[in-house]
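Beneath this line is the structure, given in structure tokens, with notes to follow.
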Amino acid sequence: MAILQLVVFILVCGILSLRLESVTSRRIIGNETDRLSLFEFKSRMNDPNGALGSWNDSIHFCNWAGVTCGHRHQRVISLHLRGKGLGGNISPFIGNLSFLHVLDIANNSLHGGIPQEIGNLIRIQHLEFDNNTFQGELPTSMSNCTFLRMVGFSNNNLVGKIPVEFTSLSRLEIISMNSNGFRGDIPASFGNMSFLQVISFSGNGLQGRIPNSLSQLTKLYWLSLSSNKLYGIENLVDLNLLSMEEKFLKGNIPSTVAKLSKLHENRLSGQIPSSIGNLTLLFDLSLEFNNFNLTIPSSLGNCQQLQFLALEYNNL
Ligand SMILES: *[C@@H]1O[C@H](CO)[C@@H](O)[C@H](O)[C@H]1NC(C)=O
Ligand SMILES: *[C@@H]1O[C@H](CO)[C@@H](O)[C@H](O)[C@H]1NC(C)=O
Ligand SMILES: *[C@@H]1O[C@H](CO)[C@@H](O)[C@H](O)[C@H]1NC(C)=O
Ligand SMILES: *[C@@H]1O[C@H](CO)[C@@H](O)[C@H](O)[C@H]1NC(C)=O
Ligand SMILES: *[C@@H]1O[C@H](CO)[C@@H](O)[C@H](O)[C@H]1NC(C)=O
Ligand SMILES: *[C@@H]1O[C@H](CO)[C@@H](O)[C@H](O)[C@H]1NC(C)=O
Ligand SMILES: *[C@@H]1O[C@H](CO)[C@@H](O)[C@H](O)[C@H]1NC(C)=O
Ligand SMILES: *[C@@H]1O[C@H](CO)[C@@H](O)[C@H](O)[C@H]1NC(C)=O
Ligand SMILES: *[C@@H]1O[C@H](CO)[C@@H](O)[C@H](O)[C@H]1NC(C)=O
């Protein structure tokens, strides 16, 4: 009997210490810097909906709402806080989340400047800041984020020039900066960013000649430059996209960056390029009130995310 009790006691102790060990080792493995950075990030947030309610010490930060960690090192790899009703501004501590790949804080009410420290996020691939009220200029330090594939700053109050330094973002596929106060010209060196698929700059104060070099962008499907003071689009005849007659697309790639693509109330004619099938993130395609006189390319079937397709009043 005594031996049995002893065995049970040892077993219970073993299980307890194992559980304790797994809890503490999770704390140690998870980088303290990431935990601290997230707390600093939260401290500047105004969170009326309690979206960050789980961001407390009784839960490991890898399990906080919107946070995803990598399996191996328990470092934060993505932060998805889109449309959570967050106010406040971005702590410079964000730059210490050095394993971050995705930062999606679009569609909130965030304001203030975009911190220089963003440039420390050397692994970042997606930055989505659309639909907030961020102010000031884009930090040139972002040119160090050479793994960036998508940047979205549409619908903010950003000003200044489009930094020529962005040309070093050689993997960039989507740049969306509609409806801000950007001025100056489009740097000619953008023609060297050969992975660009979407350039969306409508609704700014850009001026000057659209650089001919953009016609080198063989992967570009979407160029949205309306409501600026730009000229010279007719030199870009090589662009697939411009097989559409209306040169300045009035619709824009809205804030959700290429998940939503509208050509609403454009007077477009000519072919819908079959390359539309390469916009695999395409979510909403509205071509109604256009004047398409053509066939629907079968490649549209590649747009697997497509949820809304409006083709009424066309001549298809
Ligand atoms: C921590 O977050 C969890 C999940 O939201 C919640 O149940 C718990 O009450 C919170 N703890 C504290 C101390 O706020
Ligand atoms: C943006 O957030 C609001 C609520 O804050 C929501 O109603 C709206 O659907 C969101 N839009 C997108 C495109 O996520
Ligand atoms: C994190 O970032 C802040 C502000 O940029 C800085 O003061 C701090 O020293 C950084 N390092 C750590 C380990 O938190
Ligand atoms: C934690 O992150 C900081 C900042 O990125 C880094 O300097 C440090 O080496 C990391 N420590 C561990 C144990 O991963
Ligand atoms: C932008 O954010 C506001 C406020 O959260 C929301 O009402 C609106 O639907 C959002 N618009 C888009 C296009 O996401
Ligand atoms: C890019 O990073 C390097 C090395 O960390 C640094 O010296 C340089 O100042 C950074 N560039 C910008 C524009 O911040
Ligand atoms: C594009 O890159 C080439 C080769 O690196 C360079 O010679 C050229 O000046 C660049 N063009 C622009 C407009 O920056
Ligand atoms: C884009 O689409 C065209 C026509 O469907 C196709 O030939 C081409 O290979 C595609 N390019 C990429 C990068 O997927
Ligand atoms: C539409 O196609 C028909 C038949 O191919 C052609 O006769 C007509 O001129 C075209 N209309 C326009 C506006 O291109």
Side-chain angles (χ1 to χ4, degrees), residues 19 22-24 26-70 73-86 88-101 103 105 108 110-125 127 129 134-149 151 153 158-172 175 177 182 184 187 189-190 192-193:
R19 301 196 80 199
S22 79
V23 168
T24 44
R26 272 173 77 196
R27 284 268 156 81
I28 293 162
I29 294 166
N31 193 315
E32 185 57 23
T33 308
D34 282 9
R35 196 186 66 88
L36 178 65
S37 306
L38 292 173
F39 266 129
E40 290 290 336
F41 178 84
K42 181 185 178 180
S43 73
R44 300 230 189 167
M45 291 288 149
N46 161 358
D47 180 19
N49 302 340
L52 308 180
S54 62
W55 290 36
N56 66 52
D57 258 335
S58 55
I59 300 176
H60 189 274
F61 67 83
C62 289
N63 298 324
W64 292 354
V67 176
T68 309
C69 290
H73 305 298
Q74 300 226 307
R75 302 294 305 271
V76 178
I77 57 169
S78 74
L79 213 45
H80 284 279
L81 295 169
R82 172 185 291 251
K84 300 294 183 197
L86 297 169
N89 55 53
I90 305 298
S91 164
F93 274 73
I94 194 84
N96 293 348
L97 293 173
S98 49
F99 280 69
L100 204 60
H101 287 60
L103 176 56
I105 49 176
N108 284 292
L110 300 166
H111 58 85
I114 306 215
Q116 279 289 338
E117 288 77 3
I118 288 285
N120 299 339
L121 299 174
I122 54 165
R123 292 181 176 84
I124 197 85
Q125 296 181 17
L127 275 183
F129 286 58
F134 288 113
Q135 295 145 274
E137 302 194 1
L138 289 175
T140 54
S141 62
M142 273 177 59
S143 60
N144 270 341
C145 304
T146 53
F147 285 93
L148 270 175
R149 292 171 54 206
V151 297
F153 291 112
L158 296 164
V159 296
K161 300 187 76 169
I162 297 170
V164 68
E165 290 85 354
F166 277 20
T167 312
S168 62
L169 304 177
S170 59
R171 294 178 179 85
L172 202 62
I175 182 164
M177 314 210 301
F182 291 113
S189 53
F190 266 49
N192 276 347
M193 298 167 76

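The chain is numbered in sequence order, starting from 1. Please read all numbers here as calculations on a predicted model, not as lab measurements. Each ligand, and each atom within it, is numbered from 1 in the order the structure gives.
Among the atoms of T33, none of the N or O lies under 3.5 angstrom from an N or O of ligand 3.
Scanning all heavy atoms of the two residues, the minimum distance from K42 to L52 falls at NZ-O, 3.3 Å. Minimum interatomic distance between I94 and I118 (heavy atoms only, all atoms of both residues): CG2-CD1, 4.1 Å. Across P115 and S91, no two heavy atoms sit closer than the pair CG-O, 4.2 Å.
Classification of D47 and K84 as a salt-bridged pair fails, no side-chain N sitting under 4.0 Å from a carboxylate O.
Listed by number with element, the atoms of ligand 3 under 4.0 Å from a non-hydrogen atom of P92 are 5 (O). Each of the following atoms of ligand 1 lies closer than 4.0 Å to a heavy atom of N56: 1 (C), 2 (O), 3 (C), 8 (C), 10 (C), 11 (N), 12 (C), 14 (O). Less than 4.0 angstrom separates some heavy atom of S58 from each of these atoms of ligand 1: 1 (C), 11 (N).
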Protein N/O near ligand 6 N/O, under 3.5 Å, which pairs?
from	atom 1	to	atom 2	distance (Å)
ligand 6	2 (O)	N144	OD1	3.4
ligand 6	2 (O)	N144	ND2	2.2
ligand 6	11 (N)	N144	ND2	3.1

Check step by step if side chain to side chain contact (heavy atoms under 4.5 Å, CB included) holds for L148 and I124. CA-CA 6 Å; L148 270 175; I124 197 85; 3.8 Å; yes
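The side-chain heavy atoms of I105 and I90, taken from C-beta on, include a pair separated by under 4.5 Å. Contact of the F41 side chain with the L97 side chain is not registered, since no non-hydrogen atoms from C-beta on lie closer than 4.5 Å.
Using the six-membered ring where Trp is involved, F129 and F134 have ring planes that are tilted, between 30° and 60° apart.
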